Amino acid sequence: MSDSGTPYAPHTDAEVEAMLDAVGVDSVEALFDIPDEVRFDGDFGIDARSEQAVRAEVGATLGRNEQLTEFLGRGHYDHYVPSVVDHLAARSEFLTSYTQYQPEIAQGFLQALFEYQSMLVELTGLEVANCSMYDAATALGEAATLALRVRQMSGTHVLVPEALEDGRRGVLENYLVGSDAEVVSYPMDAGIADLDALADLVDEDTVMVYAENPTVTGAIEEHLDEIGALADANDALFTLGSDLLALSLLQEPASVGADVVVGDAAALGMPTSYGMGLGIFACREDFLRQTPGRLVGVSEDSQNRRAYTLTLQTREQHIRRERATSNICTNQAWVALRTAMHVAWLGPERLVEKANRCVSLASELADRLDELVGLKAPLHDRHHFREFVVHVDQPAKPVAEDLEREGFAVHVVGDHELQVCVTETNEHAVDHLVAAFEEVL
């Protein structure tokens, strides 16, 4: 390191020595406790090979993977993504873009993000939508902290359904560390909220009530109006979880009193990504200055032309630091771009058609499975969206393992319960799945 430092490690040797002396160690390496078995010794131990040889070996390795047809859901959904999304999203001005802090060189991307926000506003009926969160779990956490900030009275209880997607409750609890808030579960009744039990839990100490439509089991929630009224009567925020495709068909959140809408938008625009998502966050205009994340607004430039820019940035951590509404910095702008492209490509009519297909496919598959001996489908006598729970008389885990040997992947959600998700991308294999169930049962 030179005396003047470098743009990426600007400390001089003298400054480094002074810092090391202050903490009482001899070298920077002494600050890290790296086990010998994983410590890099300067040699990767990998023989040099040609590109052709490497591609052949990697292909052979990947070829050992089992080819399973997935009927998996629970927050990760596979819908057909048109090639136009891949081709347009791969343009260099989109793919290599970072945060659009310089509107003079980012009008195209900013406009696309504004369109994404506009789509969310139209689908939710709420006035404000940001241009993405990391995923549904972080969006839920942000909704809870917003509720703590805006509630006029003291309150500590955040009520959530006892059945949540894996990991979502854990992220919410992490968000609330350091506050007095407590996550409290309310019971479910045959796949949807147990309204009587929820009514017993909601009181003046409730800061937020969270419900999902559809629920984690795919059931369409039937009590949204009542849940919204319960929250409103106790001065609590009503937060609703959903996804863009479901929102195009199911009850509009604003119409049932939702204050905030969260969820995952990556059901459109992205294939199943097994973790990577796109968090939805929309809310009433009353909470505009408490909204987390980035907002794209419309203004005019010096020549009176329509122009887009990031707006109300004083809410954000890169300006307000510890007084910001959220510590989220980078977001899922490129994924939001892909989602906006997919929604625009579908248009309103085909979006609703695709959503209706999610209802009919689930219903048709459940009817066929219900005809099999030793199986009840769906377990819950409800309308379902994409997915549903199946009860099997035999232990569920061995049944799922037998199905896997037949080439199918389903969720195990209980001792005798499986969960099955069907969309247009796996409906071609429905006949074979039904036959596999019949074989293993």
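The structure presented is a predicted model; accordingly, all values stated were derived computationally and were not measured. The figures here come from the full heavy-atom set of this structure, side chains too, leaving out hydrogens, waters and symmetry mates.
Rounding to the nearest 0.5 Å places CG of L244 at 9.0 Å from CE of M119. Within the model, atoms CD1 of I34 and CD of E29 stand 7.0 Å from one another, a figure rounded to the nearest 0.5 Å. Remark: E70 CD to Q67 CD distance equals 10.5 Å, nearest 0.5 Å. Atom-to-atom distance recorded for L310:CG and Q100:CD is 6.0 Å, nearest 0.5 angstrom. Interatomic distance, CD of E387 versus CG of L361, reported as 13.0 Å (0.5 Å rounding). In this structure, OG on S248 lies 6.5 Å from CG on L123, to the nearest 0.5 angstrom.
At distances below 3.5 Å, at least one donor-acceptor pair connects side-chain atoms of Y77 with backbone N or O atoms of G75. Under the 3.5 Å distance criterion, the side-chain polar atoms of T124 are matched with a main-chain donor or acceptor of L126. Looking at N426, its side chain does come within 3.5 Å of a backbone N or O of T423 through a donor-acceptor pair.
I220 approaches I192 most closely through the heavy-atom pair O-CG2, 3.7 Å. Contact between D78 and T425 at its shortest, heavy atoms only, is O-OG1, 3.0 Å. The two atoms that bring R294 and N130 nearest to each other are O-CB, 3.2 Å, heavy atoms only. Here the shortest heavy-atom pairing between R284 and A258 reads CG-O, 4.3 Å. Residue F94 comes nearest to L88 through the heavy atom pair CD1-O, 3.3 Å, listed as atom of the first residue, atom of the second, then distance. Across all their heavy atoms, V216 and Q419 have their closest contact at O-NE2, 2.9 Å.
Electrostatic pairing of E427 and R357 counts as a salt bridge here, judged by a charged N lying under 4.0 Å from a carboxylate O. A salt bridge between R168 and D135 is absent, with no side-chain N of the basic residue lying under 4.0 Å from a carboxylate O of the acidic one. Taking the charged nitrogens against the carboxylate oxygens, R338 and D86 do have a contact shorter than 4.0 Å, which makes a salt bridge. Contact check on R382 versus E222 returns a salt bridge, with a Lys/Arg side-chain nitrogen under 4.0 Å from an Asp/Glu carboxylate oxygen.
Side-chain atoms of D205 and T156 form a donor-acceptor pair, as typed in the model, at a separation below 3.5 Å. For the residue pair T217/T215, the side-chain donor-acceptor check at 3.5 Å is satisfied.
The neighbour count for D41 CG, taken as heavy atoms of other residues, nucleotides or ligands under 6.0 Å away, is above 12. In this structure, E300 places its CD atom where more than 12 heavy-atom neighbours from other residues, nucleotides or ligands lie under 6.0 Å away. Remark: F44 CZ is loosely packed, at most 12 non-hydrogen atoms of other residues, nucleotides or ligands lying under 6.0 Å away.
In this structure, I227 and V209 have side chains that are in contact, with non-hydrogen atoms separated by less than 4.5 Å. Counting heavy atoms from C-beta on, the side chains of F109 and E93 never come closer than 4.5 Å. L295 is not listed as a side-chain neighbour of C131, based on a closest heavy-atom distance of 4.5 Å or more.
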- Message: Run the side-chain contact (heavy atoms from CB on, under 4.5 Å) test on M208 and F238 for me, step by step, so that the C-alpha distance in whole Å, both residues' side-chain angles and the decisive distance to 0.1 Å come before the verdict.
- Response: CA-CA 6 Å; M208 186 181 90; F238 176 27; over 6 Å; no

